[in-house]
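Reviewing the structure listed below.
Here is the naming used below: chain letters follow the sequence lines, and residue numbers restart at 1 for every chain.
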There are 2 protein chains.
Amino acid sequence: MSKSKQQEADAATGLSEESDNEVGDFIREQRERANLSLRRLAERAGVSNPYLSQIERGIRNPSAEILKRLSRALEISAETLYTRAGLIEDGPAAPTVVEAIESDRNLTPRQKQVVLDLYRALVEAGAAADEASE
Amino acid sequence: MSKSKQQEADAATGLSEESDNEVGDFIREQRERANLSLRRLAERAGVSNPYLSQIERGIRNPSAEILKRLSRALEISAETLYTRAGLIEDGPAAPTVVEAIESDRNLTPRQKQVVLDLYRALVEAGAAADEASE
DNA sequence: AGCTTCCGCTTGCAATTGTTAGCAGCTTGC
DNA sequence: GCAAGCTGCTAACAATTGCAAGCGGAAGCT
């Protein structure tokens, strides 16, 4: 239910920028994608849950240290997060999926093969569907 | 006369580590290489000179925003500075694969979810099963 | 001698961060 | 019903950032 209260919070703190809350939105997005509750992510990242809440809503401006911890807890690269936060100008080169999987240390060669097979299959199917529909 | 001020400063702030002040040293190094006085760099970067002084000596921990401004004023890449600041050490987990999949243009959101699910499942449960079978 | 201007640093002080404690809502089980 | 368990959010507080003001010293200029 609770949905639109962000603006009030902004006004309350005197924060004049309600325009683009890139980091907060991005963090919340990633958090929900990973199926983590706010509290759980906060604990994983080693920050307090109210603070994380405020970060996500853009009424607090987290330090780089905090961003780093959050990026680790979310399993995304700090560069991506910083870029999103507008702290780095150019975007980091997006690694290809294949490349990333190849160099991953958490998967055995066999497992890599499985993921790669799935990925390639989807891409191929998707491309076909794409051409047909688009 | 003036001799050991750094120690005093450290003691004053309770900072016990005089060993690795990565960012500060690096910034000072770059500043001197560019023949900029502390005050001039501070002005260029939009930071107060006392604060920059403290940053260089490692008795203050600058926010990412400040680092970004300094990197611009020094005309070095923010990434380099962040790395030097120890803020970009990428996590040991597996950030790149997740990230690469997220930003892949060949997959639909739904397909991404499928691949991600598989990947996460393998990483999480994979180690044990792997050791058993292999 | 003065006087000016730069250098880096120290000292308080305001504003911000980040925390602990607690609130209301919403499920799930007794 | 109503405890116990989550969810996210608010309030008051401690700690830190970041700044304006001011210090002593060095170099130049009249």
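Judged as a salt bridge (Lys or Arg N to Asp or Glu O under 4.0 Å), and not counting sequence neighbours, Arg44(A) has no contacts. Under the rule for a side-chain hydrogen bond (donor to acceptor under 3.5 Å, both in side chains), Glu43(B) has no partner lying at least two apart in sequence or in another chain. Remark: Asn49(B) engages Leu38(B), Arg39(B), Ala42(B) in a side chain to side chain contact (heavy atoms under 4.5 Å, CB included) (not counting sequence neighbours). Among residues two or more places apart in sequence or in another chain, the side chain to side chain contact (heavy atoms under 4.5 Å, CB included) test is passed with Arg40(B) by Leu36(B), Ser37(B). Take Gln30(B) and apply the side-chain hydrogen bond (donor to acceptor under 3.5 Å, both in side chains) test, not counting sequence neighbours, and it matches Arg33(B).
Of the candidate nucleotides dC9(C), dT17(D), dT17(C), dT17(C) has the atom nearest to the side chain of Arg60(A). Relative to the side chain of Asn61(A), the nucleotides dG8(D), dT17(C), dC9(D) differ in distance, and dT17(C) lies closest. Side-chain proximity of Arg57(A) to the nucleotides dC9(C), dT10(D), dT19(C) is greatest for dT10(D).
In the region residues 33-42 of chain B, proximity to DNA chain C at under 4.0 angstrom, judged on heavy atoms, holds for Ser37(B), Leu38(B), Arg39(B).
With contacts defined as side-chain heavy-atom distances shorter than 4.5 Å, the pair Leu70(A)/Leu52(A) qualifies.
As a whole-Å value, the separation of Glu65(B) CD from dA15(C) C1' is 16 Å. Atom pair Ile66(A):CD1 and dT17(C):P shows a separation of 11 Å (rounding to whole Å applied). Atoms CD1 (Ile55(B)) and C1' (dT17(D)) sit 9 Å apart, rounded to a whole Å. Per the geometry, CG belonging to Asn49(B) stands 11 Å off C1' belonging to dA21(D), to the nearest Å. Summarising the geometry, the separation between CD1 on Ile59(B) and C1' on dC9(C) is reported as 9 Å, rounded to the nearest angstrom.
Both Arg31(B) and Gln54(B) sit near DNA chain C, but only Arg31(B) has its closest nucleotide nearer the 5' end.
Side-chain nitrogen and oxygen atoms of Ser53(B) include at least one within less than 4.0 Å of the OP1 or OP2 phosphate oxygen of dC9(C).
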